[in-house]
Student: 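Here it is: the structure, laid out below.
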Amino acid sequence: MFTPTLTLITQAADVPEPVLLARLSAFRALPPEARARVAVQLRDPELSGKELHALGRRLRDATAALGASFVVNDRLDLALLLGADGVHLGRRSVGVADARALLGAGVFVSVACHSVDEVLGAAEAGADAAVLSPIFATPGKGPPLGLSTLREARARLAAASRGVAILALGGVDAASAPGCLAAGADGVAAIRADFGGALPAPPAG
């Protein structure tokens, strides 16, 4: 099962589709094994189902051409129609087991989490990844959890012998991503940040 090092989340109001596609195209300079660690997550809840489906087809084509992964936020029907590699579940989504029952046992499933206890709950439910947010200050997302919460989540998962991946979201950019990885995250996710066609890497040493 893949775990993306970098997930680009769609939000057309902040990052128009041409800009997103240009950012995605910049990863073409990376070798195939690095491109495979990039994912695009279809979100844009303000779009109609028809608009989301059309956007999803274009993004599915773009990620397939790049060798990257394609994940759909919440909409299991669209994930199924588009042949998505995975689905991201929020608080009001169906459970992990129900998502797998529809999409298949091998599909990547991530779960939105806002506390260490929720990360442990995602692991208990059998999710592949817990998307922990907001790590840093983000408009309208409440108090930031900080890198200390990433460290605590990683330590408690280890103590409980749970193997779920942790993806850091919320105010993460190219400058702060290495710190997230060093604190225990397996990858990062972002909406507005431009990573310039480079994957975040933990600091040397």
Student: Is there a side-chain contact between Val40 and Val71 in this structure, where contact means two heavy atoms from C-beta onward sitting under 4.5 Å apart?
Tutor: no

Student: Passes side chain to side chain contact (heavy atoms under 4.5 Å, CB included), Ile135 versus Leu169? Steps please.
Tutor: CA-CA 6 Å; Ile135 301 303; Leu169 171 65; 5.9 Å; no

Student: Sequence neighbours left out, what passes side-chain contact (heavy atoms from CB on, under 4.5 Å) with Ser93? Give chain and number order.
Tutor: Asp74, Leu89

Student: What residues, two or more places apart in sequence or in another chain, satisfy salt bridge (Lys or Arg N to Asp or Glu O under 4.0 Å) together with Arg37?
Tutor: none

Student: Checking Arg58 now: which residues fulfil side-chain hydrogen bond (donor to acceptor under 3.5 Å, both in side chains) with it, not counting sequence neighbours?
Tutor: Glu17

Student: How long is the gap from CZ on Arg28 to CG on Leu66, to the nearest 0.5 Å?
Tutor: 5.5 Å

Student: What's the separation between atom CZ in Arg60 and atom CG in Leu55, rounded to the nearest 0.5 Å?
Tutor: 13.0 Å

Student: I'd like to check Leu157 versus Leu120 (side-chain heavy atoms, cut-off strictly below 4.5 Å). Are they in contact?
Tutor: yes

Student: Please give me the minimum heavy-atom distance between Ala39 and Pro4, naming the atom from each residue.
Tutor: CB-CB, 3.7 Å

Student: Does one hydrophobic cluster hold both Leu132 and Val172, with members joined at side-chain heavy-atom distances below 4.5 Å?
Tutor: yes

Student: What are the two closest heavy atoms between Ala99 and Leu76, and how far apart are they?
Tutor: CA-CD2, 3.6 Å

Student: Just wondering, do Leu78 and Leu52 contact through their side chains at under 4.5 Å, heavy atoms?
Tutor: yes

Student: Between the main-chain N or O of Leu30 and the side-chain N or O of Arg35, is there a donor-acceptor pair closer than 3.5 Å?
Tutor: yes

Student: Could you walk me through whether His53 and Leu82 pass the side chain to side chain contact (heavy atoms under 4.5 Å, CB included) check?
Tutor: CA-CA 8 Å; His53 185 247; Leu82 295 167; 3.9 Å; yes

Student: Do Val96 and Val111 come close enough that some side-chain heavy atom pair is under 4.5 Å?
Tutor: yes

Student: Using the side-chain contact (heavy atoms from CB on, under 4.5 Å) definition, which of the options Ile9, Leu59, Val87 pairs with Leu42?
Tutor: Leu59

Student: Please tell me if the side chains of Leu150 and Cys180 come closer than 4.5 Å, counting only heavy atoms from C-beta onward.
Tutor: yes

Student: Judged by atom type as modelled, is there a donor-acceptor pair below 3.5 Å linking the side chain of Thr149 to the main-chain atoms of Leu145?
Tutor: yes

Student: Heavy atoms only: give me the nearest Ala130-Ala122 pair and the separation to one decimal.
Tutor: CB-CB, 4.1 Å

Student: Does any N or O in the side chain of Thr138 come within less than 3.5 Å of the main-chain N or O of Gly171, such that one atom is a donor and the other an acceptor?
Tutor: yes

Student: Could you tell me which residues satisfy side-chain contact (heavy atoms from CB on, under 4.5 Å) with Ala129, sequence neighbours excluded, listed by chain and number?
Tutor: Phe108, Ser110, Ala165, Leu167

Student: Could you list the residues that satisfy side-chain contact (heavy atoms from CB on, under 4.5 Å) with Val15, not counting sequence neighbours?
Tutor: Val19, Leu20, Arg23

Student: Side-chain contact, heavy-atom cut-off 4.5 Å: Pro200 with Leu6?
Tutor: yes

Student: Do any pairs count as a salt bridge (charged side-chain N to carboxylate O under 4.0 Å, His left out) and have a residue in residues 161-177, sequence neighbours left out, and if so which ones?
Tutor: Glu124-Arg162

Student: The criterion is side-chain contact (heavy atoms from CB on, under 4.5 Å); which residues satisfy it with Asp77, sequence neighbours excluded?
Tutor: Arg75

Student: Have a look at Gln41 and tell me which of Thr10, Thr7, Asn73 forms a side chain to side chain donor-acceptor pair (under 3.5 Å) with it.
Tutor: Asn73

Student: At their closest point, which heavy atom of Ala190 faces which heavy atom of Phe195, and how far apart are they?
Tutor: CB-CE1, 3.9 Å

Student: Work out which heavy atom in Pro144 is nearest to a heavy atom in Ala137; give both atom names and the distance.
Tutor: CB-N, 3.6 Å

Student: Hey, could you give me each pair passing side-chain hydrogen bond (donor to acceptor under 3.5 Å, both in side chains) that has a residue in residues 182-200? Not counting sequence neighbours.
Tutor: Arg154-Asp186

Student: Output every pair passing salt bridge (charged side-chain N to carboxylate O under 4.0 Å, His left out) with a member in residues 101-121, not counting sequence neighbours, ordered by first then second residue.
Tutor: Arg91-Glu118, Asp117-Arg156

Student: Taking salt bridge (charged side-chain N to carboxylate O under 4.0 Å, His left out) as the cut-off, I'd like each qualifying pair that reaches into residues 40-52, sequence neighbours left out, listed once.
Tutor: none

Student: Check the pair Leu8 / Phe27 against side chain to side chain contact (heavy atoms under 4.5 Å, CB included), numbers first and verdict last.
Tutor: CA-CA 12 Å; Leu8 304 178; Phe27 291 102; 4.1 Å; yes

Student: Would you kindly confirm whether Ile191 and Val131 end up in one hydrophobic cluster when ILVMFWY residues are joined by side chain heavy atoms under 4.5 Å apart?
Tutor: yes

